[in-house]
Novice: 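Before I ask anything, let me first share the structure, which is written out below as C-alpha cells.
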Amino acid sequence: MNILETRNLEHEFNGYSVLKKVNLEIRKGETHAIIGPNGAGKTTLFNVISGMYTPSKGKVIFKKKDITGFKAYKIQRLGMGRSFQITATFDNLTAFQNIRMAVLSRKGIRFNLFRFVDKMNDVTTETINVLQNLDLWEACHTPAGMLSYGKQRSLEIGMALATDPDLVMLDEPAAGMSADETHTAVSLIKKLTKEKTVVIIEHDMDVVFSLADRITVLNHGTILATGIPKEIKANKDVQAAYLGRLEDE
Ligand SMILES: Nc1ncnc2c1ncn2[C@@H]1O[C@H](COP(=O)(O)OP(=O)(O)OP(=O)(O)O)[C@@H](O)[C@H]1O
Ligand SMILES: [Mg+2]
C-alpha cells in the first residue's frame, strides 16, 4: 500500500519548470531515497509535498487523502514530519525547547501565558524521550547554536521525529558531516525510524545504500528511474546521468 503518491506533479519558479510530471510512489514502511544531481528538484519536491509550496499542477495524495494545497502545519498534523537541508532549529533556544516546540506544534498547543505548558506532563515526557533517543539528553539545556555541527543535525532530525510522524522526510541529514558523524547519523536514523516510512534525500551513496529499500532518481525535474538499489546501480540511464562512478564500486 502506498502511504504517499504524487500524481503528475509540476512546479515552476518564475516560468521555469523545476518539477515535470513527477509520479512518486512511497510504500508504507519502506525507506525510500531520492537521489539526483544538484538542482534536480529534490528539495522542491519535498517543499511541494510538505505544503511549503502549492504545486503548479498535479496532486499530492497522503494516506489516501488529497492534500494538494494544504498548509504545512495541517499536513504535519496528518502525520508527516520533515527535516531541512539547512539546519532549521532555533539557535537561541535550548535543545529541550526546540524539541518541545515541535511536540507542542504537533499537538496543536500554542504558547499561552495563561497555560502552564511546562506542567503538561505528556509534552515534557515526550520531549525527554526524544532527547534521550537522540543521545542529546546531556545537552538538553545547551542552546542549539552552541551544539557541535553533528549534534545540531541530530536535533534537526529530532524536530522531524518529535511530531511522531508516520512518514518522515529527511533532506540530506548527513550533509557536511565527518565520516564519524555520518556513521552516527545513519545508526540514529535506523534506530528512530524502525516503525516508520522514510523518504530521504541524500548525496552520500554509502548512506543511501545502507538505508534505502528503494531509490528514485530525479534528473532535471523528472523521474529517471525507481527501483531497488541493485536495479538503480545497473540502470544505464542512471549511470549516464548521475551514477557513472558506481560502475567502479
Ligand atoms: N525558491 C526558489 N525560487 C526560485 N528558484 C528556485 C527556488 N528554489 C529552488 N529553485 C531552483 O529550482 C531548481 C531545483 O532546486 P532544488 O533546491 O529543488 O534542487 P535540489 O535537487 O534539492 O539540489 P541540491 O542537491 O543542490 O540540494 C534549481 O534550479 C534551483 O535554483
Ligand atoms: Mg536540495
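We number each residue from 1, following the sequence as shown. Small disclaimer: the values here were computed from a predicted structure and weren't measured. When a ligand or atom number is given, it counts from 1 through the structure's own listing order.
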Novice: Would you say the side-chain atoms of Glu156 pair up with the backbone N or O of Ala88, donor to acceptor, closer than 3.5 Å?
Specialist: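 Yes, the answer is positive, given that a donor and an acceptor are paired below the 3.5 Å cut-off.
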
Novice: Would you say Ala40 and ligand 1 have an N/O pair spaced under 3.5 Å apart?
Specialist: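 In this structure, Ala40 places an N or O atom under 3.5 Å from an N or O of ligand 1.
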
Novice: Could you tell me whether the side chains of Thr43 and Gln85 share a donor-acceptor contact shorter than 3.5 Å?
Specialist: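 The answer is yes; a qualifying pair exists.
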
Novice: Please check this pair: side chain of Asp171 against backbone of Ile201, looking for a donor-acceptor N/O pair closer than 3.5 Å.
Specialist: no

Novice: Is the side chain of Ser56 donor-acceptor paired with the backbone N or O of Glu12 at a distance under 3.5 Å, no angle test?
Specialist: yes

Novice: For ligand 1, is any non-hydrogen atom under 4.0 Å from Phe46's backbone (N, CA, C, O), its side chain (CB onward), both, or neither?
Specialist: neither

Novice: Can you tell whether the side chains of Asp164 and Lys196 come within less than 4.0 Å, N to carboxylate O?
Specialist: yes

Novice: For atom 24 (P) of ligand 1, which protein heavy atom lies nearest, and how many Å away is it?
Specialist: Asn38 ND2, 3.6 Å

Novice: Looking only at protein heavy atoms, which one is nearest to atom 25 (O) of ligand 1, and what is the separation?
Specialist: Lys42 NZ, 2.7 Å

Novice: Tell me, which protein residue and heavy-atom name are nearest atom 16 (P) of ligand 1, and how many Å apart are they?
Specialist: Thr44 OG1, 3.6 Å

Novice: With a cut-off of 2.8 Å, does Thr44 place any N/O/S atom under that distance from the Mg ion (ligand 2)?
Specialist: no

Novice: I want to know if ligand 1 touches Tyr16 in the polar sense, i.e. an N/O pair below 3.5 angstrom.
Specialist: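 Among all N and O atoms of Tyr16, none is under 3.5 Å from an N or O of ligand 1.
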
Novice: Which atoms of ligand 1 sit under 4.0 Å from any heavy atom of Tyr53?
Specialist: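 Contacts of ligand 1 toward Tyr53, numbered from 1: 1 (N).
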
Novice: Looking only at heavy atoms, is any part of Val18 under 4.0 Å from ligand 1, and if so is it the side chain, the backbone, or both, or is it neither?
Specialist: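 Side chain only; the backbone of Val18 stays clear of ligand 1.
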
Novice: Using side-chain contact (heavy atoms from CB on, under 4.5 Å), reason through Met80 and Ile67 one step at a time and then give a plain yes or no.
Specialist: CA-CA 11 Å; Met80 188 191 297; Ile67 59 159; 4.0 Å; yes

Novice: Hey, does the Lys NZ or Arg CZ of Arg82 hover above the aromatic six-ring of Phe84, less than 6.0 Å from the centre and inside 45° of the axis?
Specialist: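 The answer is yes, since Arg82 meets both limits relative to Phe84.
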
Novice: I'd like to check whether Phe13 has a polar contact with ligand 1, where a contact means an N/O of the residue lying under 3.5 Å from an N/O of the ligand.
Specialist: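 It does not: no N or O of Phe13 is found under 3.5 Å from an N or O of ligand 1.
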
Novice: When you compare ligand 1 with Gln85, is there at least one nitrogen or oxygen pair between them that comes in under 3.5 angstrom?
Specialist: yes

Novice: State whether any protein heavy atom lies less than 4.0 Å from atom 14 (C) of ligand 1.
Specialist: yes

Novice: So does Lys21 pair up with Glu10, basic N to acidic O under 4.0 Å?
Specialist: yes

Novice: Given the protein's heavy atoms, is any one of them under 4.0 Å from atom 22 (O) of ligand 1?
Specialist: yes

Novice: Strictly by modelled atom types, are Ser178 and Asp180 linked by a side-chain donor-acceptor pair under 3.5 Å?
Specialist: no

Novice: May I ask you to check if any N/O/S atom from Thr43 comes under 2.8 Å of the Mg ion (ligand 2)?
Specialist: yes

